[in-house]
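Okay, so here's the structure we're looking at.
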Amino acid sequence: MRFLAGRLQLFTIIVLIKILVVRTHIFSLTHQFPAALLELASLIVVFGLADVLSSRRGISKFLVVDFLLSTYLLSTVMYYNHFGRFLDYHAITQAPLLKDIGESVIAIFSFSYLFLYLDIFLIIIFLQIFKLPNISRGINLRKNKRKTLVICCSALALILVSYKVYQPKDIPMVLAQDVGILNAQLYQAFHSLRKEAPEDLPLDALHQANIERIKQINPVSWPKYFGAAKDKNLILIQLESTENFVVGLSVNGQEITPNLNKIIKESLYFPHFYAQIGQGNTSDAEFVTNTSIYPRPRGAISTGYTGVKYPSLPRLLQSKGYKAVTFHPNTATFWRRDNLYPCLGFDSYFDESFYQNEDPVGRWGSSDEILFKKAVPILQEFAKQNQKFYASLITLSSHHPYLIPESKKKLDLAPDLQNTFIGDYLTAINYEDFALGLFINDLKDTGLWDNSMIVIFGDHFGISKNEETDNQDFFTSILGREHDYLDALNVPLVIRIPGVKSKIIENVGGQIDILPTLANLFGIYLDDYLIFGQDIINQDRNLLGFRFYYPEGTYISSSYLYIPGNKVGQNIETHEAVQNIELFLKEEQQIKNLMQLSDIYLEYIKKNK
Ligand code: GP9
Ligand code: MN
C-alpha cells in the first residue's frame, strides 16, 4: 500500500487500540471478539470516508477524525463512569444540556482521560520535527480513492450483515458490546426513526383491570387509611439526589439527616421505595409522581409532549377545590418545565424569576433555605383565604457535584472524609436536611403544620457508578457490603399525616405509586383515572419497572430486583443473589407489557389533547 493509504491504516489501528482499551473498561472481557472486528470495520468506514470525501492530501483530515473519535470515546468513558450506562444515541441528543451542568462535568473529569489524545499529541510533535515528504507525487490519487471506497463499502456491508446475524438487542450496553461502540450509534439512530408507539393503538387494552391483571394484584375493598388526610393541604418535597442509605446514618457522631429522622418518628416510612426516572432525571420524577404514568423509554417527558393535559395529582386535587403550585429555584426552561407544568395542571410555578438567584448554591440557583423560606408566605396566603393547596417543592442544593459553600457546611467530618466525594455528598445532604428542618419550624410557627400532609421522597440516585467503586471501603463500613444498583434505586419515602401514628411500612413501592397512595389518604376515588402504580399502603405485592438507566424489562417485584441479561435476581432485603430464571423471564415480559401499555396511554393522551 502506498504511503497515503498507509496513513489511513495507521490512524485506523491507533484508534482501534483506543477503542479496545475503552471496551475493556466498559464491557466484560469475554465479549471482545468478534465485536473487535466490527469496531475495525466501523473505523475503516469513518477514516475511509474522510479520505475519499476530503480533497486535502495531507495528514490533517485524519488527525481531525482521530480527535473527534477520541472526544467521543472520552465522553463515553465519562458517561459510563458516572451513570454506569453506555452513552447511546439518545443520551447524545441531550448534549445541549451540558452547558448547564458544567460544574458536574468538571467534577467527574480526570486528567488520566487525556491519554485518549496522546497519539495526536505525539504525531503533531513528530511532524514538527520531521517534515514529511510530499508523498502524493507519482500516485494515482483517483485510483487510490476508488480502492478506498471499495474497502469502505465492504466494511459497511459487513456491519449491515452483522445487524442481521446478531439481531442486536435494544439494550444500549449489550448493543454496543455486541456490534461495536460506533456501530451502536448508527443502529440506534436508524431505529429511532421508527415510531415509538404503534400507529393503531390497541385502545381496548387501556383498562385499569388490565393493568391489575398484568401486575397480578386485586383491588382492595376496604383500604386502610382511606381519607386519613381528607381536606388536608399537601406539601410534597422532592429531595435532590437523596438515597435512602443516608436515613438514620451517623458519621463522626452526627446524624446526616437529623430532621428527616425526626419526622420519620411521627410518619409512615417506606424503606423499600424506588426511583423510576427515565432520561429526564428530576423532571421525570416530577412527572411520574404526579401522573402515575411511566416515563418514556428515552428522552425527558417534559420535552416530548407539548400542550397535553395529563390526568394528574394537581387536577385530581383541583377537582376537590385545591390550588396546585410548584417551587424550584432553577429556571423553568431547564428540562422544559415551563412546558411540563401546564401539562401537569399546576395553577402556577415559582422558578428562578421568583427566587432571583438569592443566596445561590453552585450555578443552579437559590439555596434550599431560600427555596423553602420564600414559599412559606405564599402558602400562608392560601391558608388565610381558606384555600386548600397542593404545594410541590423540589430541592436543588444537593445536586451533583455536591459543592456546598463553606459558610453553609454544618457537618463536622473526620479527616479521612474531608475533601472527598463522599464527604461532599454527605455534607450536601446534611445541608438539604438543615434547610428542611428550618422549613418544618416555619410550618409549625405558621400553623400550616397542623393542617397539612407532608410527603418527602428522593428523586433519584446520588452515588454514581464510578463513585460507588471508588468508595467501597466507606460503604462496606456503613452497610457491611458494597453499594450496588439496588442502593442507587432506593430512595426514601416519608408521609406525615396530622393525627396518624408512625409506622414503618415494608411494602415495596416506587414513584409511580405516589398518586394512588395519596388519593387513598385523601379519600378520593380514582374512577376516571388510569394509573400504572398502586396504593402501597394497602397492596403488599408490586411490579415496578425501570427504564433508560437500566435495560428495558428491569423490574423490582415484592422481594427482588431483576435486570434482563442477568441469570440471577437480587433480594431487596439481603442484596443476595436469587435463582429463579423462569419466573424472572416471565415477569420481565409482564413489566414490558405494562410499560408498553403506559407508552400507548401517553400516545392516546397526546392524540386526544
Ligand atoms: C435542575 C435540576 C436538575 O433544575 O433539577 O437536576 P437533574 O435532573 O440533573 O438531577
Ligand atoms: Mn435530580
Side-chain angles (χ1 to χ4, degrees), residues 78-79 82-85 90-91 93-108 236-244 246 274-290 295-296 298-304 326-341 344 346 349-357 360-368 370-372 392-404 425 428-429 431-432 435 456-465 467 488-493 511 546-549:
M78 284 178 70
Y79 188 83
H82 191 66
F83 291 114
R85 184 182 185 281
H90 306 287
T93 56
Q94 297 224 318
L97 288 177
L98 277 178
K99 66 178 187 328
D100 295 307
I101 54 166
E103 252 183 2
S104 281
V105 176
I106 291 169
I108 61 174
L236 187 120
I237 303 167
Q238 183 176 303
L239 302 175
E240 174 63 39
S241 303
T242 306
E243 295 187 9
N244 194 46
V246 297
Y274 302 93
Q276 293 178 286
I277 55 161
Q279 198 170 356
N281 299 345
T282 311
S283 61
D284 272 1
E286 293 175 74
F287 169 79
V288 176
T289 51
N290 277 293
R296 292 192 302 163
R298 44 192 166 260
I301 197 103
S302 52
T303 54
T326 183
F327 300 85
H328 182 64
N330 193 8
T331 166
T333 52
F334 193 88
W335 285 130
R336 293 302 317 271
R337 290 177 169 104
D338 52 334
N339 171 38
L340 177 67
Y341 290 150
L344 288 175
F346 282 105
Y349 62 80
F350 297 86
D351 75 336
E352 191 186 36
S353 53
F354 171 71
Y355 284 103
Q356 292 294 317
N357 229 2
V361 169
R363 62 142 306 282
W364 286 107
S366 293
S367 63
D368 287 349
I370 299 295
L371 157 74
F372 291 125
S392 149
L393 299 106
I394 321 294
T395 69
L396 189 56
S397 299
S398 52
H399 193 282
H400 187 273
Y402 314 123
L403 299 177
I404 298 294
Y425 177 69
I429 298 295
Y431 168 69
E432 174 190 51
I456 306 173
F457 66 97
D459 70 343
H460 53 71
F461 70 91
I463 308 297
S464 72
K465 197 92 204 87
E467 287 139 359
L489 285 169
N490 188 198
V491 292
L493 169 65
Q511 289 163 337
F546 301 89
R547 4 181 61 159
F548 189 70
Y549 292 108

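For ligands, and for the atoms within them, numbers begin at 1 and follow the listed sequence.
Within the 4.0 Å heavy-atom criterion, the part of Leu396 lying near ligand 1 is the side chain and not the backbone.
Within the structure, ligand 1 has His328 among the residues with a heavy atom less than 4.0 angstrom away.
With the Mn ion (ligand 2) as vertex, His460 NE2 and Asp459 OD2 subtend 80°, rounded to 10°. Rounded to 10°, the angle formed at the Mn ion (ligand 2) by Thr282 OG1 and Glu240 OE1 is 90°.
Shortest contact from atom 9 (O) of ligand 1 to any protein heavy atom: His399 NE2, 2.8 Å. The closest protein non-hydrogen atom to atom 5 (O) of ligand 1 is Arg337 NH2, 2.9 Å. Here the heavy atom of the protein found nearest to atom 6 (O) of ligand 1 is Thr282 OG1, 2.7 Å. For atom 1 (C) of ligand 1, the nearest non-hydrogen atom of the protein is Asn330 ND2, 3.1 Å.
Using a 3.5 Å distance cut-off with no hydrogens or angles, the side chains of Ser397 and Glu432 do not pair a donor with an acceptor. A side-chain donor from one of Thr282 and Asp459 sits under 3.5 Å from a side-chain acceptor of the other.
Residue Phe334 approaches ligand 1 through these ligand atoms, each under 4.0 Å from one of its heavy atoms: 1 (C), 3 (C), 4 (O). In summary, the atoms of ligand 1 found under 4.0 Å from a heavy atom of Trp335, numbered by their order in the structure, are 3 (C), 7 (P), 8 (O).
At least one N/O-N/O distance between Glu240 and ligand 1 falls below 3.5 Å. Taking any N or O of Asp459, backbone or side chain, none lies under 3.5 Å from an N or O belonging to ligand 1.
Looking at every heavy atom in both residues, His460 comes nearest to Ala275 through CA-CB, 3.8 Å. The heavy-atom pair separating Thr395 from His328 by the smallest distance is O-CE1, 3.9 Å. Heavy atoms only, all atoms of each residue included: Thr242 and Tyr425 are closest at CA-OH, 3.8 Å. Taking every heavy atom of both residues into account, Leu393 and Leu371 meet most closely at CD2-O, 4.2 Å.
Each of Tyr341, Phe346, Phe372, Phe350 was scored for a ring pair (Phe, Tyr, Trp, His ring centres under 6.0 Å) with Phe327, with one residue passing: Phe350.
To the nearest 0.5 Å, atoms NE2 (His400) and CH2 (Trp364) are separated by 11.0 Å.
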